[in-house]
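What follows is a set of notes on a single structure, which appears directly below.
Source: prediction; values computed, not measured. Chain naming here is simple, since letters A, B, ... match the order of the sequence lines and numbering starts at 1 in each. Values below: all heavy atoms of this structure, side chains included; hydrogens, waters and symmetry mates excluded.
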2 protein chains.
Amino acid sequence: MDFRTQIINASAESYEKFLPHISVDTVVFGFDQGSLRILLLKMNYNKEWFLPGGYVGKEEDTDEAVKRVLYERSGVKDIFLEEFAVFGNPQRSQQSFADYPDTLWNKQRFISIGYYALVNYKHVVPQPDSLSETCQWIDFKDITELNITMDHRKIISKALRTLRERLSYKPIGYNLLPDKFTLSDLQGLYETVLGKKLNRGNFYRKMKNMGILQKLDEQRKGGAHKAPDLYKFNVETYKNILQEGLNTW
Amino acid sequence: MDFRTQIINASAESYEKFLPHISVDTVVFGFDQGSLRILLLKMNYNKEWFLPGGYVGKEEDTDEAVKRVLYERSGVKDIFLEEFAVFGNPQRSQQSFADYPDTLWNKQRFISIGYYALVNYKHVVPQPDSLSETCQWIDFKDITELNITMDHRKIISKALRTLRERLSYKPIGYNLLPDKFTLSDLQGLYETVLGKKLNRGNFYRKMKNMGILQKLDEQRKGGAHKAPDLYKFNVETYKNILQEGLNTW
DNA sequence: ACAAAAGTGTTAAACGTACACCCATGA
DNA sequence: TCATGGGTGTACGTTTAACACTTTTGT
């Protein structure tokens with residue numbers, strides 16, 4: 001079956017299953033080897049890169065829809081999600097699928113609800129959908145060079161801004177790091193998200209004072225030099241701080 | 001024409017004009033006489049209170065839709081708006097209009113995009129729509145007693161939480177106060193939004209250091225005691241601070 | 001005169017930042 | 001033994017919070 005037939009068949013099915021005019025797009029952040037990455041797909045149709053996204057089932061919760069989509073793309077359930085913006089410009093997707101019938105599902109005007117997700121890089125097995133030639137982790141610093149579809153670059157950039165803002169009053173890491181991690185891992189994550197170096201000693205104290213870390217009786221062996229201590233998050237405290245935030249005024 | 005006919009007629013028209021399944025709801029904050037108020041309407045149909053809201057035209061930008069709705073309800077254009085959450089639970093509006101046909105526009109499942117707006121209380125002339133018996137400012141501290149429809153109470157409370165959070169890194173006031181105001185006015189606003197007293201001297205200095213205030217050569221006459229100085233916002237600086245930290249890479 | 005308003009001073013605590021030193025330990 | 005990691009001390013500047021005092025001025 002060629003692309004065209006495939007797209008047109010999918011279109012009919014989508015009209016059956018989903019709410020029209022509403023889409024969700026997700027910026028999935030992962031962290032590995034000291035670099036921040038996001039999950040991107042590459043369209044068969046026009047070779048443009050785009051965010052994992054989809055549509056909301058007629059009786060489905062919006063958040064659930066995002067989880068479903070992300071499960072299909074990554075094999076991970078129970079992903080940490082947060083809605084961060086709505087992209088409702090009527091022209092935002094106009095140019096795509098010009099050579100398809102106007103009744104094509106994909107040619108509707110879509111209002112897209114932007115989510116970001118924080119996931120453990122190692123748990124993810126990126127899986128392209130039927131209309132994409134690849135789904136893979138892209139290093140954040142490389143995305144400027146990519147040909148990105150529609151307003152997806154704008155969505156990505158807004159997501160990162162939101163994540164950085166959020167970082168000042170809520171911790172991250174629980175969803176981005178493995179269960180056991182070292183202080184260097186955590187600091188590296190913060191440095192990557194914030195895009196700047198932090199002082200090690202101060203970072204150590206800050207984290208310690210927050211009370212979200214729990215030291216384990218293990219070290220990470222195998223590397224050169226001293227084996228670093230492993231930590232895990234104190235889930236109770238961590239979730240509390242997520243709820244309350246850290247107050248000013 | 002009775003309510004029923006009216007609602008059914010409006011339904012047909014809505015199918016023509018608007019995107020299905022998408023609504024917008026707005027928490028309009030106003031400030032007067034030291035108290036924070038929001039704009040609420042009371043439904044003719046079942047006497048429940050609800051937020052000013054509406055639907056998005058088939059070729060209309062989401063933000064524009066909200067502005068249009070708010071213009072109809074308040075007579076004010078160019079309102080300060082911010083999207084803060086999406087309410088996408090498929091059951092969120094199920095119970096309403098039980099005695100109407102299932103094809104009624106209003107009985108669709110709606111995903112609602114939540115906005116909050118900050119407006120100058122005095123510029124607003126609340127106007128009920130054709131299905132409401134009233135549209136009026138409600139003091140924030142009185143809303144607990146009201147019978148509020150669907151999940152609108154949740155929407156309101158989430159809006160206030162977002163506004164408070166925002167207050168810690170961005171100024172408010174420009175959209176909530178008259179052009180000319182006193183320092184007490186401004187401090188009262190902050191105290192009301194935050195729900196606690198602030199120290200006058202420190203507040204004065206903080207505002208002064210922010211550089212967003214411009215002292216006028218006028219005082220507010222007429223009250224007892226010393227006439228307070230009037231200020232206005234330095235719009236340049238104010239808007240700069242609103243943007244601050246939002247760098248695209 | 002009185003009370004509200006504007007503006008300033010002062011102080012202690014809290015916090016962020018920078019740097020530097022100690023010890024432990026795996027290869 | 002040396003590079004890395006963990007942990008702590010200390011010093012400095014900035015910010016915040018709390019409080020108090022002064023001066024101005026409208027009624």
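Closest heavy-atom contact between A/Arg153 and A/Leu146: NH2-O, 2.7 Å. Taking both residues in full, the closest heavy atoms of B/Ser132 and B/Leu41 are given as OG-CD2, 3.6 Å, listed atom of the first, atom of the second, then distance.
In this structure, CG on B/Asp129 lies 8.0 Å from SG on B/Cys135, to the nearest 0.5 angstrom. The line from CG of B/Leu213 to OH of B/Tyr238 is 10.0 Å long, rounded to the nearest 0.5 Å.
Considering only side-chain N and O atoms, B/Tyr204 lies under 4.0 angstrom from the phosphate OP1 or OP2 of C/dG7. The side chain of A/Lys208 places an N or O atom within less than 4.0 Å of a non-bridging phosphate oxygen (OP1 or OP2) of D/dT8.
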So which protein N/O to nucleotides 9-13 of chain D N/O distances come out below 3.5 Å?
from, atom 1, to, atom 2, distance (Å)
D/dG9, N7, A/Arg205, NH1, 3.1
D/dG9, O6, A/Arg205, NH2, 2.8

For nucleotides 23-27 of chain C, list the nitrogen or oxygen atoms of the protein found under 3.5 Å from its nitrogen or oxygen atoms, one pair per line.
from, atom 1, to, atom 2, distance (Å)
C/dG26, O4', A/His225, O, 2.8
C/dA27, OP1, A/Gly223, O, 3.4

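For the pair B/His152 (side chain) and B/Phe50 (backbone), a donor-acceptor distance under 3.5 Å is absent. One N or O on the side chain of B/Glu191 and one on the backbone of B/Leu198 form a donor-acceptor pair closer than 3.5 Å.
Taking the ring centroids of B/Phe203 and B/Tyr190, they lie under the 6.0 Å cut-off. The six-membered or imidazole ring of B/Phe233 lies near that of B/Phe181, with a centre-to-centre distance under 6.0 Å.
Interface residues of residues 228-237 of chain A facing DNA chain C, ordered by number: none; criterion, heavy-atom separation under 4.0 Å.
Rounded to whole Å, the distance from CG on B/Asp185 to C1' on C/dA4 is 14 Å. Going from atom CD of B/Gln187 over to atom P of C/dA4 covers 14 Å, rounded to whole Å. If you measure from atom CG of A/Asp217 to atom C1' of D/dG6, you get 15 Å, rounded to the nearest angstrom. Atom CG in A/Asn209 sits about 12 Å away from atom C1' in C/dG16, given to the nearest Å. Atom pair B/Lys196:NZ and D/dA18:C1' shows a separation of 14 Å (rounding to whole Å applied). As a whole-Å value, the separation of A/Met210 CE from C/dC15 P is 12 Å. To the nearest angstrom, C1' of D/dT16 lies 12 Å from CG of B/Leu198. Atom CE in B/Met207 sits about 17 Å away from atom P in C/dA5, given to the nearest Å.
The local environment of OH in A/Tyr174 is sparse, with at most 12 non-hydrogen atoms from other residues, nucleotides or ligands closer than 6.0 Å. Within 6.0 Å of NZ in A/Lys47 there are more than 12 heavy atoms belonging to other residues, nucleotides or ligands. For A/Glu133, the CD atom sits in a packed shell: over 12 heavy atoms of surrounding residues, nucleotides or ligands are nearer than 6.0 Å. Heavy atoms from other residues, nucleotides or ligands lying under 6.0 Å from CG of A/Asn209 number more than 12.
For C/dA6, the base has a donor-acceptor partner in the side chain of B/Arg200 [N/O atoms by modelled type, under 3.5 angstrom].
With D/dA18, C/dG7, D/dT16 as the candidates, the nucleotide lying closest to the side chain of B/Asn199 is D/dA18.
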